[in-house]
Amino acid sequence: MSEVVTYSREGNVGVITVNYPPVNALSHAVRSGLIAALEQGQEDSEAKVLLLVCEGRTFIAGADIREFGKPMQKPGLAELVETYENSEKPLVAAIHGTALGGGLEMALGCHYRVALNSAKIGLPEVKLGLLPGAGGTQRLPRLTGAQKALEIITSGEFVGAKDALALGILDVVDDGEDVKAAGLAYAQQIADEGKPVRRVRDLKDKIASDKGSDVFDQFRAVLQKKARGQFSPFKCVDAIEAAFNLPFAEGMKRERELFTECMDSPQRAGQIHSFFAEREVSKVKGLSKDTPVRDVNSVGIIGAGTMGGGIAMNFANVGIPVIIVEMKQEALDKGLGIIRKNYENSAKKGRLTQQQVEDRIALITGSLSYDDFKSVDLVIEAVFENMAVKKEIFAKLDAICKPGTILASNTSTLDIDEIGSATRRPEDVVGMHFFSPANVMKLLENVRGSKTSDEVKATVMAVAKKIKKVGVLVGNCHGFVGNRMLHRRGAEAMTLVNEGATPQQVDKVLTDLGYPMGQFAMSDLAGIDVGYRIREERRNAGEQVAPSWMDKLAEQNRLGQKTMAGVYKYEEGSRNPVPDAEVERIIEGFRKEQDISSREITDQEILERCMYVMVNEAAKILEEGIADRALDIDVVWIYGYGFPAYRGGPMFWADQVGLDVILAAVEKYHADVGGEQWKPADLLKQLVADGKKFGDL
Ligand code: 3H9
């Protein structure tokens, strides 16, 4: 008997227990252990009913993702589930934590399912570029019908125990906290009542009622918009449809074929890279696990604008009180009003109850005085990008805040060390760069200054987790990781338009790659004035920043969505960017003024110049130690800028394209276009010379 799965008996219930931390994933050892334990249970004449239960924090959270890509060792997962379903003795699965992917498929192979109230179930394979490959696409619809199975499998979202009960996925929900006790009680009941085995594969009602329905085609049409460019969601629909059109055994075969197609797709590789990268970023190089972390039980925010308000919501959402300070009552009222409106909108969509709205709002107080920051544990400054203003604020904070308060700036570009120099405690000063809308975007780019203490670095990473963000710790330079690369892309995109491309052509190339929006639609969302102010600040600092047609937009008050005109125009109440002839005229005028004759630009050139310029910059970022690992950069781009997770992030993508291909193009553009941005990074040259990838670093 393997140690990870054990068999024991309690009364007339045979108990199969999985104990494979951290999440009881179905590794080879677990799969073979489960087969052996089941055999023991079958042979145990005293056992009338068998119970499958897990130790630790969760029920089985799925197949062992670390085994993907390695040769499959028997028993396979589908075979394991089938063996359980074939059991002659009734089998009960008792679920706590999360029953996910192969874990839920195991539970669906059992004949009865009980779960703790706090448990969740789901088939998140689609988020790994896969589909449920151990019968999930065939068994779930037999319990829920087509529509719900489509929703659950193509979204990969988790379903709470109560909802799963209502959907027929669970038989019983237990209000207690002891999963084994809940499982034993239910198994005993089944034994006492002499209930028979009940195999999901034999259920027919839901299949009969949805057979031949047009729900599948309707769902595909919805996915065309929601899952544009993705491979596996569509394969999920095909597999679920097979459950309705084919007998069970043939449906299983079809599921296997489609699963294999997904497994072989590059999107699967990208998604799985993203999955592990997201988890790796929390393990910061050089920061030991036992670095002390300060308590953050209260937060001050400076600025009730879009960023300040969004940041405040993150803390209120997890029960941490926030004080927002503004300069004027009017601005404060406006900011607090927007926060309320945002919460009310969530309530309207059913995401929050009215009570939750009130509870969260009650945690956010407005003030006009910095004195109210005296005792807070963390202050986040979220005013506009101006060094002099920020330094003044930090000097004030230094004078007012108690010792130990972390002083953070939400700056997206400015030098954290210079901001820290305005205080007597630069070790407590750090960047916490949220992304707009700050209550929605998952990334928190935490920026270490050269004097920031380890304790402060560890605390801001812990804060990220606490407020449900993905925190990435990066070094200090203009724009840090994300915006430094974005500025390169933005400048190149502007130049491409100078040379003859249209903004909409550039944006289409980027959305075709999988970004949710293009460079210029994003500028309109962020505000044309933001980039303009940054360029002006750099010009004032004596840097050579070329003039741009986008400066003209800012000067004409075309500031983007907020003025209903920027690079695009916007209809009243719509965020849909519409190309504008007026902008064409502005661009034309600019070309004339600068004596530029426009030429035809191919989509391939746009792709190369927008993406390779970022990859080259990212290599410099790695070289300088601003990012510790390529995967940190991938996570910044996936969670901060909507880079498609199925391409694994820009560094993983670059590895797929081939660094030799990229270097050759970078050298070509360095010769043709010129500029610092195209100077090939030494690291890129080195990797190509060594035949290595970013992933090998
Ligand atoms: C599948 O089942 C395919 C089948 O349909 C068909 C096959 C034929 N394997 O997230 P956390 C690790 S596909 C291996 O930080 P949390 C994770 O890397 C699978 N390792 O904790 C981390 O390791 P480390 C479908 C896994 O509490 C540690 O566990 N299932 C797996 O925030 C803790 O993870 C999924 O997609 C795994 N399956 O969240 C579920 N899962 O400590 C994916 C986790 O070394 N998992 N690890 O960094 C999750 O969604 C979350 O991990 C979970 C816990 C909600 C379970």
Side-chain angles (χ1 to χ4, degrees), residues 4 18 20-31 34 54 56-82 95-109 118-140 149 152-160 232 235-236 239-240 252-253 255-264 268-269 271-284 289 442 461-462 464-471 629 631 635 645:
V4 293
V18 183
Y20 185 58
V23 297
N24 293 312
L26 290 157
S27 65
H28 175 244
V30 173
R31 295 195 307 274
L34 279 164
C54 294
R57 64 200 226 207
T58 179
F59 190 75
I60 300 163
D64 191 336
I65 305 173
R66 292 179 200 275
E67 286 184 359
F68 288 174
K70 299 180 188 157
M72 176 67 184
Q73 284 179 279
K74 283 196 167 267
L77 192 44
E79 188 186 327
L80 170 67
V81 174
E82 194 187 350
I95 298 170
H96 74 298
T98 44
L100 301 177
L104 179 59
E105 292 174 301
M106 270 304 290
L108 294 178
S118 54
K120 294 190 173 92
I121 60 107
L123 292 169
E125 285 87 344
V126 72
K127 294 190 173 167
L128 301 173
L130 290 170
L131 53 83
T137 64
Q138 305 303 297
R139 290 192 179 88
L140 189 71
I152 292 171
I153 293 174
T154 62
S155 73
E157 299 297 336
F158 301 170
V159 181
S232 71
K235 299 292 158 186
C236 290
I240 299 165
M252 285 296 292
K253 261 194 216 147
E255 180 192 81
R256 168 89 346 219
E257 285 162 11
L258 294 163
F259 179 82
T260 307
E261 280 182 37
C262 291
M263 200 51 142
D264 293 343
R268 191 270 308 162
Q271 291 273 24
I272 287 183
H273 170 78
S274 307
F275 176 86
F276 284 118
E278 180 187 333
R279 280 150 185 87
E280 278 304 302
V281 284
S282 63
K283 298 163 197 158
V284 179
K289 259 192 176 168
K442 289 260 291 183
M461 290 301 282
K465 218 172 219 162
K466 173 100 191 165
I467 61 174
K468 303 191 167 71
K469 300 275 175 207
V470 180
R629 300 155 296 190
L631 66 88
V635 172

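One-based numbering, in listed order, for ligands and for the atoms of each. All of these numbers come straight from a predicted model, not from anything done at the bench. Positions are given from 1, in the same order as the sequence printed here.
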Item to check | Of all pairs that satisfy side chain to side chain donor-acceptor pair (under 3.5 Å), the ones with a partner from residues 120-138, not counting sequence neighbours | outcome: Thr137-Glu255
Checklist entry - Can you check whether Leu100's main-chain N or O pairs, donor with acceptor, with Thr98's side chain at less than 3.5 Å? => result no
Checklist entry - Shortest non-hydrogen contact from Leu26 to Leu80? => result CD2-CD2, 4.3 Å
Checklist entry - Heavy-atom contacts under 4.0 Å between Arg256 and ligand 1: side chain, backbone, both, or neither? => result side chain
Item to check | Numbering as shown, the atoms of ligand 1 that approach Gly133 to under 4.0 Å (heavy-atom distance) | outcome: 4 (C), 5 (O), 6 (C)
Checklist entry - Between Cys262 and Ser232, which heavy-atom pair has the shortest distance, and what is it? => result SG-CB, 3.8 Å
Item to check | Atoms of ligand 1, numbered as shown, that sit under 4.0 Å from any heavy atom of Asp64 | outcome: 9 (N), 14 (C)
Checklist entry - Does the protein put a heavy atom under 4.0 Å from atom 21 (O) of ligand 1? => result yes
Next on the checklist: I'd like to check which ligand 1 atoms, numbered from 1 as shown, lie under 4.0 Å from a non-hydrogen atom of Arg66.
Outcome noted: 18 (O), 23 (O), 45 (O)
Next on the checklist: In this structure, does ligand 1 have an atom that sits under 4.0 Å from one of the heavy atoms of Lys283?
Outcome noted: yes
Checklist entry - Heavy-atom distance to atom 40 (C) of ligand 1: which of Gly136, Gly103, Ala99, Ala61 wins? => result Ala61
Next on the checklist: Quick test: of every protein heavy atom, which one is nearest to atom 33 (C) of ligand 1, and how far off is it to 0.1 Å?
Outcome noted: Arg57 NH2, 3.4 Å
Checklist outcome for this item: Note: ligand 1 atoms sitting under 4.0 Å from heavy atoms of Leu128 are 13 (S), 19 (C), 36 (O)
Checklist outcome for this item: Within the 4.0 Å heavy-atom cut-off, what Pro22 brings close to ligand 1 is side chain
Next on the checklist: At less than 4.0 angstrom from any non-hydrogen atom of Pro124, what atoms of ligand 1 do you find?
Outcome noted: 30 (N), 35 (C), 36 (O)
Checklist entry - With distance as the sole test, does Arg57 use its side chain to make a donor-acceptor pair with the main-chain N or O of Val23 at under 3.5 Å? => result no
Next on the checklist: Rounded to the nearest 0.5 Å, what separates atom CG in Leu631 from atom OG in Ser274?
Outcome noted: 10.5 Å
Checklist outcome for this item: Exactly one of Leu258, Ile152, Ile153, Leu123 clears side-chain contact (heavy atoms from CB on, under 4.5 Å) with Cys236, and that residue is Ile153
Checklist entry - When you measure from atom 9 (N) of ligand 1 to every protein heavy atom, which one gives the shortest distance, and what is it? => result Ile65 N, 2.9 Å
Next on the checklist: Counting only heavy atoms closer than 4.0 Å, does ligand 1 sit against the backbone of Lys127, its side chain, both, or neither?
Outcome noted: neither
Item to check | Crowding at NZ, Lys442 (>12 non-hydrogen neighbours, <6.0 Å) | outcome: yes
Item to check | Closest protein heavy atom (residue, atom, distance) for atom 5 (O) of ligand 1 | outcome: Glu125 OE2, 2.4 Å
Item to check | Polar atom proximity, Phe68 to ligand 1 (N or O, under 3.5 Å) | outcome: no
Item to check | Arg31 side chain to Gln73 backbone, donor-acceptor under 3.5 Å | outcome: yes
Checklist entry - Which pair of heavy atoms, one from Phe259 and one from Pro132, lies closest together, and at what distance? => result CD1-C, 4.5 Å
Checklist entry - If we only count N/O pairs under 3.5 Å, is Pro132 in contact with ligand 1? => result no
Item to check | Where ligand 1 meets Gly101 - atom numbers and elements under 4.0 angstrom, heavy-atom basis | outcome: 2 (O), 25 (C)
Checklist outcome for this item: Of all protein heavy atoms, the one nearest atom 38 (N) of ligand 1 is Ala63 O, 2.9 Å
Checklist entry - Do ligand 1 and Thr98 have nitrogen or oxygen atoms that lie under 3.5 Å from each other? => result no
Checklist outcome for this item: If you scan protein heavy atoms around atom 11 (P) of ligand 1, the nearest is Arg279 NE, 3.6 Å
Next on the checklist: Show the atoms of ligand 1 that are less than 4.0 angstrom away from any heavy atom in Glu105.
Outcome noted: 4 (C), 5 (O), 6 (C)
Item to check | Spacing of Lys235 atom NZ and Glu261 atom CD [to the nearest 0.5 Å] | outcome: 4.0 Å
Checklist entry - atom 55 (C) of ligand 1: which of Thr58, Leu80, Leu100 has the nearest heavy atom? => result Leu100
Checklist entry - Distance from Phe59 atom CZ to Leu104 atom CG, nearest 0.5 Å? => result 8.5 Å
Next on the checklist: Keeping Asn24 on the side-chain end and Thr58 on the backbone end, is there a donor-acceptor pair under 3.5 Å?
Outcome noted: yes
Next on the checklist: Is the contact between Glu280 and ligand 1 made by the side chain, the backbone, both, or neither, using heavy atoms and a 4.0 Å cut-off?
Outcome noted: neither
Checklist entry - Quick check: does Val23 get an N/O under 3.5 Å from an N/O on ligand 1? => result no
Checklist entry - Sub-3.5 Å donor-acceptor pair from the side chain of His96 to the main-chain atoms of Gly56, do we have one? => result yes
Checklist entry - With sequence neighbours left out, what residues match Arg268 under salt bridge (Lys or Arg N to Asp or Glu O under 4.0 Å)? => result none
Item to check | Enumerated ligand 1 atoms positioned under 4.0 Å from heavy atoms of Phe276 | outcome: 18 (O)
